[in-house]
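Computed over heavy atoms, backbone and side chain alike; hydrogens, waters and symmetry mates excluded.
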Amino acid sequence: MHQLWLIPVFPLAGFAINGLIGRKSGKNVVNAVAIGSVLLSFLWVLKALSAMGMFGAGMPEEAHVERYFTWIQSGTLNVGFDFAVDRLSAVMLLVVTGIGLLIHVYATGYMAHEGGYYRFFSYLNLFMFFMLILVLAANYLILFIGWEGVGLCSYLLIGFYFDKQFAADAGKKAFIVNRVGDFGYSLAIFLIVINFGSLDFGKVFEAAKAMPVDQGAGIFTAICLLFFVGAAGKSAQIPLYVWLPDAMAGPTPVSALIHAATMVTAGVYMIARSSSLFVHAPIAMDVVAIVGLATAVMAATIGLVQNDIKKVFAYSTVSQLGFMFLALGSGAFAAGMFHVVTHAFFKALLFLGAGSVIHAVGGEQDLRKMGGLRSKIPITFWTIVCAALAISGVPFTSGAASKDEILIAAFHHAPWMYWVGVITAGMTAFYVFRSVFMAFFGTYRGKAHPHESPLTMTGPLMILAVLSLAGGFLPIPHFLEPMFPKVLEESEKWLEYTAVASGLLGISLAYLFYVARPSLADAASKHFNGLHKLLYHKYYVDEAYDATVVEPIVQGSRSVLWKGFDIGIIDGIVNGIGHRAMNIGGTLRRLQSGNIRSYAAWVVLGSIAVILAMGLTGSIR
Amino acid sequence: MPLLPAAVPLSWYLLLSAVLFSLGVAGFLFRKNIITVFMSIELMLNAVNLSFIAFSYHLKQVDGQIFSFFVMVVAAAEAAVGLGIILTVYKNRSTLEIDEIDSMKN
Amino acid sequence: MNFFILSLIKAGLIAFVLLTTLAYLQWIERKVLAHIQLRVGPQRVGPHGLLQPLADVVKLLTKEDLLPPYVNKFFYMLAPFLAVTVALIAISVLPFGPEIEVFGVKTWMQLTDLKIGVLVVLGLSSIGVYGVALAGWASNNKYSLIGGLRSSAQMISYELPLALAIAAPLLLSNSLSFREIVDTQAGYYFGVIPRWNVIPQIFGFLIFMIAAFAETNRIPFDLPEAENELVAGFHVEYSSMKFAAFFMAEYANMVTVTAVATLIFLGGWHAPFPVEYGSGFIPTLLFVGSGAIALYHGLHPARPFDRITLPITGVVFFGIGLLFLVPVLQPILLPLFWFTAKTGALLFVYIWIRGTLPRFRYDQLMKFAWTFLFPAALLNLLITALLVAVFPNQ
Amino acid sequence: MDAPLFLLFAFIAVASAISLVVQTHPISSALSLVGVMVSLAVLYLLLGAEFIAAAQIIVYAGAVMVLFVFVIMLLNAGTEHKSSKSPMVKWFGIPLLVVFIGVISFIVQGMLPKSALVVFGTFTQGGPLEVGRALFTTYLLPFEVTSILILIAIIGAIVLARKEI
């Protein structure tokens, strides 16, 4: 026993303490509780993992399971409250607690002047709690607890500025879209219960492995597709990605922690976790790969023209998540998880850097009103450049290592996917550097007085910058290899070169358009006006959803459910009953003389009747 | 030949209890002063207590007495609250006639 | 039938002694009060006013019995007799001494012993409220009504601390029968200090005595009868024998309460120190000593009035003192002496306080009962219960 | 001695109860009820329930009824007027009661063996010791609950007795 339960309990305690007494206590107390709880959790993760031999002798391949108590027992179904740690969750644990710790530290600087300080940190701790539950879960139901919990926290944190309409709407949107995915996920859980009689990861995967690959394909496909629906909701894949860009309404640390580094990768984690099931369902794998690739392309194209710095990075997140799903769909689960980790580093860094920039220019998020910040906030600039290099796949950075593995796996799956992926990678490099150049080069176009952020913000930036650059050398794919089914892997050098070249090309194009010849960008957008407009308005997806889903539901509810069913039938029944009751009551109320003594007489009459009845039937003796 | 038996049957106690209870009911039905009505209720409770204790004797167990003890407690609590209500009623309506207090009718 | 005859004899004896005592208690009170206030008190009727109670009885019996109009006759008549009856009944469960043998018949110096004797006394004292309340109400007089209500409220309020104060020594004695309570107080700590409940229960005793003053409507708690505030409280309309009945009830209550205090707290008829140290000679010494003093004063030429009475008294006291030395009478007389001495001492305290303390205000009185006396009694009971539970064999 | 005592106090009880019902003045009714209670206490003693008898006197006669008498005196409630607004009672009351007593006595007579005599002193389990033991062991929970009940009653009485409600 490594007392795994302590890992999530620390943040939970932090949540409870801050939530209960945070309003009264000072900021220092809130900081200490929030950061301390996550720090303790992180240290406990390190202790538990090193006790398992992760950093030394090597971790055992089977999971370490801790069983606490039986949660649900119904018939043959037995769901325990169990936690488990294997290599996969070990990686996730480190990412979640490590990045989470950095972002907590960062947030103390970023949120220093915001209202609802204690509320923010108690939510953040609650999120950590649920995320750790999700990662530590030893069965699908516990995972579902965490799954729902992080969704709740995401909603709470997106809507953190609940007095602003758009933030509240964005929160609701995220919540509702996630519900769709959760519905798929819960259906998948039911199917698993029906087919395997258990929700335990160990038992389900044993049973799946024992089956021949081609057997039960239909049910496996169904389960996996439903899982993918859930994953698409949580990890923002087509068609459920629409909530993630709006989620940027929340505070920037939230975007970094929840909507870039951890929660949105929960879908990837879950599918990687279920890899034993997915290998039985090639159709589902193909769907995952294609949807992932489509998401990557679509989000990247939208990202090309956005002007809000956080929107750009949000679409970039969607796009990178698409890459991860591409990897999963191609069977390269380890590569997908590796990208989760590296992406957590550089995307968290990008968001935190963006936060630092926004902080510096006084809350402005529009790239067109920045510029020339390079010399004013140098630390932010250089750390963001590190992240941008990593995401663009420049050699020897973390992004290059993971992205190359994904693209190679995609090539082995289907060469056309590789090519589309390479082009997308180029676009990624282009739009990321576009925003870097727009923000940091040229002359300052805003009105604020930019200033560097405090050490609590730049410190995490620098740590993440180091990780973004050097994270590629972590032996994560090798570490995860035994967890997943084998993929044949014969790296061909030209594949890597092509990918790197596309990235570099993207960077140079961005330099050309936004530093060397700024006029070219305007000219291009004028020339491709229609396309630009289409991209700028995100393919009109939100509008389409409004027209096809939201409006019909609202209208249908209003006209059919409300006016027809509710008023016509339900109210009709209720009111009808009421009228009948009034009529009957009108007759009966003659008995209610209001005279206590008559009532008493009736009571006596009744008792005599009862006693007589009992005496005559002989039930008294 | 004694005029009376040396001891009385248990049923006499129960009959006494029944008679007292009926008199309590009668008081409840026929009296119009709300306090007297309340006292009739107490009389009924007392009658029931007598039954409890008679049965306690019959079964040679103390439990019946415990129940009558609880009845007393309830009666005391009831008297405190009930008399408070009566005082309030009197303050608001300045009458104790139970037939006059019938604003709940119809 | 032996039982009935014996009970009748005892009842007659007790009634006679008690009624005489009540009458002379009045005389003693007047005398003591007078001396406290540097007066002489009743002096005319008989030597030193000794026949004054008799004269009072005659006066009360022969006075016109007024029946004011507009009173509720039935209850007006009922109230005083209810009061005095209830007060006298309580005496029946009180023992005055141990089991004795007279002419070969063994009997207790008590009318009847009940397992629940203490509860009976408490119950009777709670019934006693009716006499007062009814008297106040039936007189159809606002002063008497207020007096009656005040008195009833006061008696109900002080009954709680009274009962709680009694409950604590009951825990020590583990019985509700007066006999057994007294028996548990026999014997001496270290051979000298009496095992009376008053020693561990000194607070209980004080609370009991304070509550007893209120319960009997005595100064400083005699609000219901406050002459200058409420004329005379609930019995303002009463005269003649009915007034005497209330008077008797009050004094009977005093005797009951002091007797209960003696039985529960002061060890009943047990001597305050062992026979081995000569407690058996105390009464003889006392009576002989006072007889000597009486003789001395009687022979003094400056007191011509007492030339006859004081020497006679002295001789009688000598005789009584010698009676205590007769071995056959000792087991009867000694316990009786101790019991009477203790009760008498407490009664003297009653009179003494009446001569000393002023009267409370009514709100002070109620506040004192509920905010101090009641919590204190409760606390005393709790602590006692705790100690009894922790040291069950002490 | 049992039978005369029973008959005497049963007679007093019934007479007092009738007096309760018949008397028009509330005070008379209240004192009649006290009479019922006191005679019932004696009957309890005959049945071996010493503690309950004492509690009957102290709690019922001494506390509850005093409260009644108080309220009656405070409100200065007079005699009742003759009026009846409930025809139900007027026409069916007496017959109903007669039927009621008849049914009950019929059932009681049938239920109990004739030989079940009440002899004073054969049942001595009603002292404070036994009652207390039962209260604090078997019936501990109900006993504690009554304390809450009494607390509620106290609060209720205080709230009701306030000047404004």
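Interface residue V66(D): backbone and side-chain heavy atoms are both found under 4.5 Å from chain C. Both the backbone and the side chain of L149(C) come within less than 4.5 Å of a heavy atom of chain D. If you measure heavy-atom distances from V120(C) to chain D, you find no contacts under 4.5 Å at all. Proximity to chain D (any heavy atom under 4.5 Å) is shown, for A138(C), by neither the backbone nor the side chain. Only the side chain of F75(C) comes within less than 4.5 Å of a heavy atom of chain D; its backbone N, CA, C and O stay farther away. Of the two parts of V59(D), neither the backbone nor the side chain holds a non-hydrogen atom closer than 4.5 Å to a non-hydrogen atom of chain C.
Nearest heavy-atom pair, G62(D) versus S126(C), reported as atom, atom and distance to 0.1 Å: CA-OG, 3.7 Å. Closest heavy-atom contact between A153(C) and F70(D): N-CZ, 3.6 Å.
For the atom pair CE (M73(D)) and CD1 (I146(C)), the distance works out to 13.0 Å, reported to the nearest 0.5 Å. Within the model, atoms CG of N174(C) and CG of L129(D) stand 7.5 Å from one another, a figure rounded to the nearest 0.5 Å.
In this structure, the side chains of L119(C) and I57(D) stay at 4.5 Å or more apart for every pair of heavy atoms.
Here the side chain of Y130(C) pairs no donor or acceptor atom with the backbone of L31(D) at under 3.5 angstrom.
Taking L124(C), L145(C), I116(C) one by one and counting their heavy-atom pairs under 4.5 Å with chain D, the maximum is reached by I116(C).
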Step-by-step side-chain contact (heavy atoms from CB on, under 4.5 Å) determination, L67(D) to I156(C): CA-CA 10 Å; L67(D) 212 56; I156(C) 292 170; over 6 Å; no

